[in-house]
Structures are given as structure tokens and as C-alpha cells.
Amino acid sequence: PEDGRGHAEPPWVTFCGLYDFGHLLQLLTSQPLPDEVIGFRESLDLFFPSRCDVAKHLHRLPQLNGDGHDARKRSFFRNAHHILEAFFRLPDSIRRTAFDEEAEPVEPTEPAEPPVSHH
């Protein structure tokens, strides 16, 4: 995908990679991670705007090793080669839209303590 200036953003393909992105964000910014989910997603969008988590599409992968159980599929993802192999095994229709921005639901944050009522 292009960044508006004619430059393509590098695609990031992960398998359950939010922790990895969190570590990369800390290295890139030399800052602690944002406290709120919204801030974390904004940072991800800034540094890694083109990303696909293969785990979201696990149910669409052809059976691996002759077994359709998710546990067997998950054990397959031990290195980058297997993650990329799985990405390219996804149906074309999924791969074409895998890097599109998704409207991911963000859970509302609640106050740490309930409001104090003054009678």
C-alpha cells in the first residue's frame, strides 16, 4: 500500500504479533507503551500501517499436516518462513484485503476507581 507520497509501506506479516510490535515500538520510540488501547493502535498505525496477523485468518487456511485442528495449525508457526508460507496459502481473496485497515473494536476503558458520591 502507498503512503500518499508514492512510497509503498513495507508489509508486516505476523502470527499473534502484538507483543512483538509492542517491543518494536519501545525500541523505536525509547518510550513506554501507551497506557490505553487506542494509543497503542495509533502508534501501530504510525509505525506499522500495513500489517496482517495470519492468526485472524487461521480458520481459512487449508489443513496443515493432514489435520484440521487449530492446535496443530498453531504449532506450525514457529518461524518466519512458516508464517509467510501460511500467508501465501490463504485464498487470493483474503490476501488481497489482508492489509486493509480494519475497524477493530476497542474496549472502552473504565475508571480505575468508582466515582465517589458526596451526600
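One finds the NE2 atom of H57 at 4.5 Å from the SG atom of C52 (value rounded to the nearest 0.5 Å). With values rounded to the nearest 0.5 angstrom, S43 atom OG is found 12.0 Å from I38 atom CD1. Note that the CZ atom of R51 and the CD atom of E9 stand 11.5 Å from one another [nearest 0.5 Å]. Atom CD1 of I94 and atom CZ of F87 lie 10.5 Å apart (nearest 0.5 Å).
Legend: residues meeting side-chain contact (heavy atoms from CB on, under 4.5 Å) with S93, ordered by chain and number and at least two apart, are P91, R96.
In this structure, W12 shares a hydrophobic cluster with L18, F21, L24, L25, L28, L33, F40, L44, L46, F47, F48, the cluster being traced through Ile, Leu, Val, Met, Phe, Trp and Tyr side chains under 4.5 angstrom apart.
At least one side-chain heavy atom of V54 sits under 4.5 Å from a side-chain heavy atom of V13.
When all heavy atoms of C16 and D53 are compared, the pair lying nearest together is N-OD1, 2.8 Å.
With hydrogens and angles disregarded, no donor-acceptor distance shorter than 3.5 Å links the side chain of R60 to the backbone of L90.
No path of Ile, Leu, Val, Met, Phe, Trp and Tyr side chains, each step under 4.5 Å between heavy atoms, connects Y19 with L27, placing them in separate hydrophobic clusters.
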